[in-house]
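Given the structure is predicted, the values throughout are model-derived calculations rather than measurements. Heads up: numbering here begins at 1 and tracks the sequence.
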Amino acid sequence: MKNILALVGAAVVGFLVLGWYLGWYQVSNVNSHGQQSVNVSFDPNKIQTDVKKGVERGGEIVDSLREKTGEPKPDATKGPATNFFTPTETSTSTTTAGSSGGWKPIAPK
């Protein structure tokens, strides 16, 4: 439990430091008629554009690392379960009445 709280605390501090550095929010101190108040203003458009840039940059870094190692880029149409859920042809003479008509487990190649 202590580790989870420490992780959450580190994430909050990291967000605060990064947000201040990138200008996502501004904190101002206002003194009016002897009363102190603190105003915090967020810039959601700046946050959104910076996050998009960061995701794109992260993707570029991953792609460049894959090119260095020679690992092929993943194909979105192929994956570990693509052959598992595709129907396979069976002969109609071996099916019984009331069967699913062609679905069977695929044997490993």
Side-chain angles (χ1 to χ4, degrees):
M1 185 67 174
K2 290 181 185 178
N3 291 337
I4 293 173
L5 291 175
L7 178 66
V8 169
V12 168
V13 170
F15 174 79
L16 291 175
V17 169
L18 184 67
W20 175 77
Y21 180 74
L22 294 175
W24 292 351
Y25 62 89
Q26 292 182 353
V27 179
S28 60
N29 185 11
V30 179
N31 185 4
S32 61
H33 307 291
Q35 295 180 349
Q36 295 283 334
S37 64
V38 177
N39 293 330
V40 179
S41 59
F42 286 89
D43 188 0
N45 294 330
K46 176 99 170 113
I47 295 171
Q48 186 177 14
T49 56
D50 286 346
V51 168
K52 282 183 182 179
K53 286 179 188 177
V55 169
E56 290 173 1
R57 180 69 179 134
E60 291 172 3
I61 291 171
V62 168
D63 287 342
S64 68
L65 290 174
R66 281 193 180 136
E67 289 173 2
K68 287 181 182 178
T69 61
E71 183 180 325
K73 290 185 181 179
D75 187 8
T77 60
K78 294 184 180 182
T82 54
N83 290 336
F84 183 76
F85 294 107
T86 56
T88 58
E89 294 184 27
T90 61
S91 64
T92 57
S93 62
T94 60
T95 59
T96 59
S99 70
S100 62
W103 289 90
K104 69 172 188 174
I106 300 174
K109 295 179 181 178

Nearest heavy-atom pair of Tyr25 and Leu16: which atoms, and what distance?
OH-O, 2.6 Å
Under the side chain to side chain donor-acceptor pair (under 3.5 Å) test, residues paired with Glu56 that sit two or more places apart:
none
Is the count of non-hydrogen atoms from other residues, nucleotides or ligands lying under 6.0 Å from Leu5 atom CG greater than 12?
yes
Report yes or no: do Val27 and Phe42 belong to one cluster of Ile/Leu/Val/Met/Phe/Trp/Tyr joined by side chain heavy-atom distances under 4.5 Å?
yes
If two hydrophobic side chains count as joined below 4.5 Å and joins carry through other members, does Val40 share a cluster with Leu22?
yes
For atom CD of Glu60, is the number of surrounding heavy atoms from other residues, nucleotides or ligands below 6.0 Å larger than 12?
yes
Do Val51 and Val12 sit in the same hydrophobic cluster, where Ile, Leu, Val, Met, Phe, Trp and Tyr count as joined when their side-chain heavy atoms come under 4.5 Å apart?
yes
How far does CG of Asn29 sit from OG of Ser37, to the nearest 0.5 angstrom?
7.0 Å
Val38 reachable from Trp20 in the ILVMFWY side-chain graph, under 4.5 Å edges:
yes
Measuring from Ile47:CD1 to Phe15:CZ, what's the distance to the nearest 0.5 Å?
5.0 Å
